[in-house]
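Quick notes on the structure that follows.
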There are 2 protein chains.
Amino acid sequence: MPRRSEPGKRPTLADVAERAGVSAMTVSRVIAGNYPVAPPTRSKVLRAMRDLDYVVNAHARALAGATTKTVALVLDDATGPFFAFIARGVEQQAASEGRLCLLCTTHGDPERELAVVELLREQRAEAVILVGGAQDTDTYTERMASFARALDKSGSRLVLCGRPSPGPDVPATVVEYDNEGGAYAMTAYLLANGHRRIAYVGREPGLSTTDERVRGYRRAHADHGVAVDEGLIRPGTFTRESGAAATEALWDERGDATAVFAATDMVAAGVLKALRGRGVRVPEDVSVVGFDDIPLASDLTPALTTVHVPHEQLGREAVRLALHRGPDLDDRVVLGTHIVVRDSAAPLRP
Amino acid sequence: MPRRSEPGKRPTLADVAERAGVSAMTVSRVIAGNYPVAPPTRSKVLRAMRDLDYVVNAHARALAGATTKTVALVLDDATGPFFAFIARGVEQQAASEGRLCLLCTTHGDPERELAVVELLREQRAEAVILVGGAQDTDTYTERMASFARALDKSGSRLVLCGRPSPGPDVPATVVEYDNEGGAYAMTAYLLANGHRRIAYVGREPGLSTTDERVRGYRRAHADHGVAVDEGLIRPGTFTRESGAAATEALWDERGDATAVFAATDMVAAGVLKALRGRGVRVPEDVSVVGFDDIPLASDLTPALTTVHVPHEQLGREAVRLALHRGPDLDDRVVLGTHIVVRDSAAPLRP
DNA sequence: TGCCGAATCGTTACCGGAATCGGTCGGTCA
DNA sequence: TGACCGACCGATTCCGGTAACGATTCGGCA
C-alpha cells in the first residue's frame, strides 16, 4: 500500500504516486525520462510533484543502484596559488556532466590523505582526484597503487592530477602537464637571448616536478652546446622566502649569473625581491623567469615571463577522463605547456 | 538469512556479520561505538571487517535516517581572490566536525544558483552555505527567503556568508563581517593623518557591501567634522580595470584628492597602476588604501594599507553556527574587521 | 473475429544500513 | 531467595528509490 504522507515528513515517491493516482514506478520513470509515459499521466505526475514540492532523495537513488553522480577533489590546501584554478576546472566539468563535486584537503599530510581516501570510499564517489603536493618519492608509488586498488574495489576511479604515475597495472588515471618541455622551452628561450650562465633556483629534492624541470633545463643546454654549470643549480623549496634566500646566497657566492630560472612563480617573486634589495635591475642586469603562470606573475614588477601551466584544463581533463573511460580513451594524458613572454627577461647585453 | 558474499560485489554489513558469526545489528553497533558490545565479539567483528576490507556505504547510512554528514559550499567562482580562504575555513571546520564538504559554483548567475540549491536539496546537505557575490537587491531578499524555506523543508539549513540577512522569520543563519566599521576605521585613520579630500573609488550601485562601506566613510567624516565632497565618491565595479579607469577619470576632472579609499584591494591595484602611470607617487603625493586584505595587498608596491576581512573565520563560523544551533546560539553573527597598516598611506604633507 | 506486438503501467524484489523491540543472562540488593 | 537491573545480542521493519519482469490495453491486420 502507498505510504500516506504524514504532515511533518518530506514527500516521497510514494506520496507523489498516491496523489497522482499512479504507481511509484511510474513516477520514477517520469523523473528519469528514459521510458515512455503517456502525456496525460506524465502531466498528472508532474503536477503532483509540484504540489508536494517533491525532490528526489539522492542517497536513496544512489543506494538503489544508480551511480552517485559525485566526483571528489582532494588537494593540499584550497588557498594554494593555483589549486583554485584546478578546482574550477574540476567543478565546471563535473557540473557540465551532471556531477556534484566533493572537496577535501590534506595539508600535505599523508596520514590525512589516507583518511580522506577512506572517507571517499564510503561515499562511493565516481572519481577521486588527487592533486599536486609534495611527495616523498620512496613510498609514493606504492601508496598511490594501494589507493588505486582500494578505490577500485569501492567502485571509484583514482585520478592523479599533476602527480607522477604510479606505474602500469594500477587502476588509475593520470593527468599531467609537460614539466620538462616547459623548462626546455624556457631555457632555450634564455639561451637564444644570449644568456650562458642561467641559474636554476629552487630545486626541491625528491620532488618529481623539480627533477623533470631540471631535466628540461639540462637538455636545452645540451642542445645548444652549452655546458651546465652545476654551481648554478640551487636547492630550495617552492616559497618566496626560499627564492629570496637562495638568491642572496648565490650572489654572495658569485654574482655572474645573467639569468635566473625560478622553479615557480612564487620563488621568482622572492628572487625579484632579493635582486631589488641588492640594486640589481631586472631585466636590464639580470633576466628572471618563473614557472606556473599564477595571477601573481602578471602583478609583479616587472611582469614575469614564465611557463604557463594549464591548471584549469588539468582539472577538466581529470574529470572527463575518469568519467568516460573506454578502450579508445587513454588512461594517461600529458597537457602541453608554453612560455608566456612578459617583461622580466631581456636579451643579454654585452 | 544473511546475504552470502558474491565475489564481484562489495562486502556489506551482512557479509561482515556472517563472517564474524554475529548479526548485522551487532556489526552496526561496533561501528557506531555507542552501544555496549562484548570485547570478544567486538574483536571478532573488527577482524571480519579487516579481512573483507569492508567500508560502510554512506548512502545507505544516510538513507536509514542518520544524518548525511555533509555541508555544501556555494560560491561564485573558486578563483575569486578570497573565496579560497572562505573555502578553507569551511572545509577545515567541516572536517573537524566530521563532515564532508560539497563544492558548487554559480558564476553569479541567479538561475544557476537556483538549480544548485535544488541539487543540494536532493543531497540533503546539513548546511548550504551561500557566499558573497553581487546581488541585485530588489529581488535578493525574497529569493533568499525562498531558498531558506525550501531548504528548510528538505532538512537543510541555509547559511548566508558575507551576504545581507533576508530579514527575520526566515529560517537562515547569517555570518557577516563589519563593513561599515572597517570603512569607518580606515576613513578615520586617513582623517587623523590630516587628509581632508578622500576619494572613494568603486562604489558599485545596488550592492549592499558598498552601501555599508560608504556609510562608514560618511560617518567617519561626520564624526571628524569634515564635510563629504560628493564629487569624490566615484562609481565602479570591483575590478582592477575599473579602479584604474575611475582614477583616470577623477584625475582628469580634478586632481585635488590627497587620499584614495579603494572599494577593494583589487580596485586599489588599478588605482596604484593609474597613479604610477601619471607619475603620482604613493604614498608621498597620494595615500591609497583598500579593503579585503587579499594576498595581493602585500605584494603590491607599495604594500597596501587595507582593511582586513577574516575570510577564513567567516567560513569556519558558517559551518559552526549551522551545525550546532540552539536557543543559546544566535542566528546571526557579525565578525570584526580591522585595518592593517602597510606602506601605501602616509600623513598628509603640507 | 482473432492474433500480435507496441505502448504503458504495476508488482515484486531488493539496495545496505539503522532503529525498535524483545529476549537472555549474570549479578546486585533487600 | 526472589525481584530487579543492566549488559548484550538478534529478528524485524523501514528508509526511498530502481531494475527486471509481468500484466493490460489497444490498434492494425489477416
Side-chain angles (χ1 to χ4, degrees), chain A residues 1-6 8-45 48-49 52-69 121-124 154-155, chain B residues 1-6 8-45 48-49 52-69 121-124 154-155:
Chain A
M1 84 224 76
R3 212 166 332 287
R4 64 249 161 273
S5 56
E6 298 163 34
K9 313 277 291 175
R10 294 187 274 276
T12 73
L13 253 200
D15 295 327
V16 176
E18 186 185 17
R19 186 179 181 98
V22 300
S23 80
M25 197 55 232
T26 302
V27 178
S28 179
R29 289 192 184 111
V30 169
I31 295 173
N34 53 8
Y35 200 87
V37 175
T41 309
R42 170 192 307 276
S43 58
K44 264 194 308 184
V45 170
M49 284 172 54
L52 262 38
D53 189 23
Y54 169 80
V55 285
V56 298
N57 184 322
H59 300 289
R61 172 179 288 175
L63 180 60
T67 107
T68 60
K69 298 281 182 193
R121 289 228 284 163
E122 298 181 3
Q123 291 293 326
R124 305 278 194 268
S154 304
Chain B
M1 86 223 73
R3 214 169 329 292
R4 64 251 161 272
S5 56
E6 299 163 32
K9 312 276 293 176
R10 295 186 275 275
T12 74
L13 251 199
D15 295 328
V16 175
E18 186 185 18
R19 186 178 184 99
V22 299
S23 82
M25 194 56 230
T26 302
V27 178
S28 180
R29 287 189 186 113
V30 169
I31 295 173
N34 53 6
Y35 202 86
V37 175
T41 309
R42 169 190 309 278
S43 59
K44 263 194 310 182
V45 169
M49 283 172 54
L52 262 38
D53 189 24
Y54 168 80
V55 284
V56 298
N57 183 323
H59 300 289
R61 174 178 287 173
L63 180 60
T67 111
T68 60
K69 298 281 183 194
R121 289 228 283 163
E122 298 180 4
Q123 292 292 328
R124 305 278 194 269
S154 305

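Order of the sequence lines sets the chain letters (A, B, ...), proteins ahead of strands, with each chain counted from 1.
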For this session: Could you tell me whether a side-chain N or O of A/His59 sits under 3.5 Å from a main-chain N or O of B/Ala60, the two making a donor and an acceptor?
Result: no
Seminar exercise, completed: Regarding the side chain of A/Thr12, the nearest nucleotide among D/dC9, D/dG17, C/dG16 is D/dG17
Exercise. Any idea which of D/dT18, D/dC9, C/dG10 is nearest the A/Arg61 side chain?
Worked result: D/dT18
Determine the minimum heavy-atom distance between [X] and [Y], stating which atoms define it.
| X | Y | value |
| --- | --- | --- |
| B/Ala48 | B/Ala20 | CB-CB, 3.9 Å |
| B/Thr12 | B/Tyr54 | C-CE1, 3.5 Å |
| A/Arg10 | A/Asp15 | O-OD2, 4.0 Å |
| A/Asp53 | A/Pro11 | O-CG, 4.1 Å |
| A/Ile31 | A/Arg61 | CG2-NH2, 3.5 Å |
| A/Gln123 | B/Ala58 | NE2-CB, 3.4 Å |

Measure from [atom1] on [X] to [atom2] on [N] and round the result to the nearest Å.
| X | N | atom1 | atom2 | value |
| --- | --- | --- | --- | --- |
| B/His59 | D/dC14 | NE2 | C1' | 19 Å |
| A/Asn57 | D/dC14 | CG | P | 18 Å |
| B/Glu18 | D/dG10 | CD | C1' | 15 Å |
| A/Leu13 | D/dA19 | CG | P | 12 Å |
| A/Leu63 | C/dC15 | CG | P | 9 Å |
| B/Arg10 | C/dG17 | CZ | P | 10 Å |
| B/Lys69 | C/dA18 | NZ | P | 11 Å |
| A/Glu122 | C/dG16 | CD | P | 15 Å |

For this session: Find which nucleotide of DNA chain D each of B/Thr26 and B/Arg124 is nearest to by heavy atoms, and output the residue with the more 5' nucleotide.
Result: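 The residue whose closest nucleotide sits nearer the 5' end is B/Thr26.
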Exercise. Quick one: on DNA chain C, does A/Ser23 or B/Tyr54 contact a more 5' nucleotide (nearest heavy atom)?
Worked result: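 Nearest nucleotide further toward 5': that of A/Ser23.
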Exercise. Does A/Ala60 or A/Arg42 map to a spot on DNA chain C nearer the 5' end, using the closest nucleotide for each?
Worked result: A/Arg42
Seminar exercise, completed: Rounding to 0.5 Å, atoms NZ (A/Lys44) and OG1 (A/Thr26) come to a distance of 9.5 Å
Seminar exercise, completed: Per-helix bend value, the helix from C/dT1-D/dA30 to C/dA30-D/dT1, C1' rotation axes over five pairs per end, 10° rounding, shows 50°
For this session: Report the C-alpha separation of B/Arg29 and B/Val22 in whole Å, then their side-chain angles, then the decisive distance to 0.1 Å, and conclude whether the side chain to side chain contact (heavy atoms under 4.5 Å, CB included) test is met.
Result: CA-CA 11 Å; B/Arg29 287 189 186 113; B/Val22 299; over 6 Å; no
For this session: Just call it for B/Val27: base, sugar-phosphate, or nothing, with non-hydrogen atoms closer than 4.0 Å on any strand.
Result: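 Result for B/Val27 = nothing.
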Tabulated below should be each protein N or O lying under 3.5 Å from an N or O of nucleotides 19-26 of chain C; please produce it.
none

